[in-house]
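First up is the structure itself, then whatever we jot down about it.
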Amino acid sequence: MVRRLVVALLAPVTWTPPEIDPTDWRTALAEDVVDVLATLNEVETAVAVTEADQWLADAVVWPGTTVYQVPRPTVGAVLASCGRTAQPSQPASVNRAEAGHGYDQVAVVAGDAPDLPGLTIGKLLRPLTTRPLAVAPVAGADTGLLGAAARMPQPEWLPALDLDRAVPAAVRAAAPRPGELAVTAGWHRLRGPADLARLDPALAGWDATRTLLAGAGILG
């Protein structure tokens, strides 16, 4: 049976609405993304943070969730950490100490896409049956990725991927053959004022971000 892991990379956000406290904003985004992961079937889930951001993981993860502490908030650092022993987020009744071993496929998604559909994450993993790497672009943006997924061990040619700056074309150029990379459906991230218009109030979920925006008078 194929073991799949989806990791929310809770990296520093690049923008905060001026009416909202930056810590509250980042926490709300992270909480909603973690809640999205909790709805996924047939995968294990985790979050990744740097040591400086351990507080954020402690604030938003569910009991027993695996937290990977990475040296840098990059896709490569997360993929490398998934091969090492992980620690549970807090004392739990189930021993998760070996949760980082034995994954066949690992997806890493950005922590600032609070209304991300689980189906979009599934589409990111699906090409790994025939290709070693898949990336999802940020909808409506020239740069950045929503996420990346790799068969493990990760491809040796995989370049350093910063989800804020990488583009699919550059990743494809690093591959030995263009067909090694699959580009899947994208989704928006909240990285600037224009991105707020992409949020659909009729879409279920993203409760923490919705509440914060409504309280600041940004969302009706």
Side-chain angles (χ1 to χ4, degrees), residues 6-40 45-78 81 86-90 107-118 120-121 136-141 143-148 161-166 186-201 203-219:
V6 179
V7 183
L9 177 55
L10 306 183
V13 298
T14 59
W15 171 78
T16 301
E19 300 87 351
I20 295 176
D21 177 80
T23 298
D24 291 343
W25 176 246
R26 190 176 177 194
T27 302
L29 294 176
E31 181 178 340
D32 285 337
V33 172
V34 168
D35 285 350
V36 169
L37 265 57
T39 69
L40 301 179
T45 61
V47 302
V49 293
T50 62
E51 182 178 4
D53 288 332
Q54 181 65 44
W55 65 269
L56 180 60
D58 294 340
V60 301
V61 298
W62 294 32
T65 300
T66 299
V67 176
Y68 292 97
Q69 197 171 98
V70 293
R72 298 168 304 282
T74 63
V75 172
V78 176
S81 294
Q87 296 180 349
S89 60
Q90 52 185 282
V108 182
V109 297
D112 55 3
D115 60 340
L116 175 64
T120 301
I121 300 175
V138 178
T143 60
L145 299 175
L146 168 71
L161 289 185
D162 182 326
L163 292 180
D164 289 330
R165 298 178 178 84
W187 193 258
H188 50 264
R189 294 169 53 189
L190 298 188
R191 301 192 296 172
D195 295 322
L196 294 176
R198 300 179 186 278
L199 292 169
D200 183 358
L203 189 67
W206 59 285
D207 293 335
T209 303
R210 187 195 308 266
T211 299
L212 203 57
L213 291 171
I218 299 172
L219 185 72

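- Across all non-hydrogen atoms, the minimal contact from T50 to P73 is CG2-CD, 3.8 Å.
- Nearest heavy atom pair, residue P114 against residue L190, reads CG-CD1, 3.8 Å.
- In this view, R165 and D162 satisfy the side chain to side chain donor-acceptor pair (under 3.5 Å) rule, not counting sequence neighbours.
- Partners of T74 by side-chain contact (heavy atoms from CB on, under 4.5 Å), not counting sequence neighbours, listed by chain and number: R72, A77.
- Contact check for I121 versus L37: side-chain heavy atoms found under the 4.5 Å cut-off.
- Contact of the I20 side chain with the I218 side chain is registered, since non-hydrogen atoms from C-beta on lie closer than 4.5 Å.
- Across V67 and A57, no two heavy atoms sit closer than the pair CG1-CB, 3.9 Å.
- Shortest non-hydrogen contact noted between A48 and V78 is CB-CG2, 3.8 Å.
- In terms of the side-chain contact (heavy atoms from CB on, under 4.5 Å) criterion, residue partners of A46 (sequence neighbours excluded) are, by chain and number, L5, V7, T66, Y68.
- A heavy-atom distance below 4.5 Å is not found between the side chains of V75 and L145.
- When every heavy atom of L40 is checked against every heavy atom of G118, the shortest pair comes out as CD2-CA, 3.7 Å.
- Legend: residues meeting side-chain contact (heavy atoms from CB on, under 4.5 Å) with T39, ordered by chain and number and at least two apart, are absent.
- Within the 4.5 Å cutoff, the side chain of V47 has no heavy atoms near those of the V60 side chain.
- In this view, T211 satisfies the side-chain contact (heavy atoms from CB on, under 4.5 Å) rule with no residue, not counting sequence neighbours.
- Listed by first then second residue, pairs satisfying side chain to side chain donor-acceptor pair (under 3.5 Å) with a partner in residues 186-195 read D112-R189, D115-W187, D115-H188, D164-R189, not counting sequence neighbours.
- Contacts classified as side chain to side chain donor-acceptor pair (under 3.5 Å) and involving residues 20-34 (residues at least two apart or in different chains) are given here: R26-D53, D32-T209.
- When all heavy atoms are compared, the tightest approach of L212 to A28 is CD2-CB, 3.9 Å.
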Side chain to side chain donor-acceptor pair (under 3.5 Å) between W206 and D35, intermediate numbers included: CA-CA 8 Å; W206 59 285; D35 285 350; over 6 Å; no

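- Using a 4.5 Å cut-off on side-chain heavy atoms (C-beta onward), L219 and L199 make no contact.
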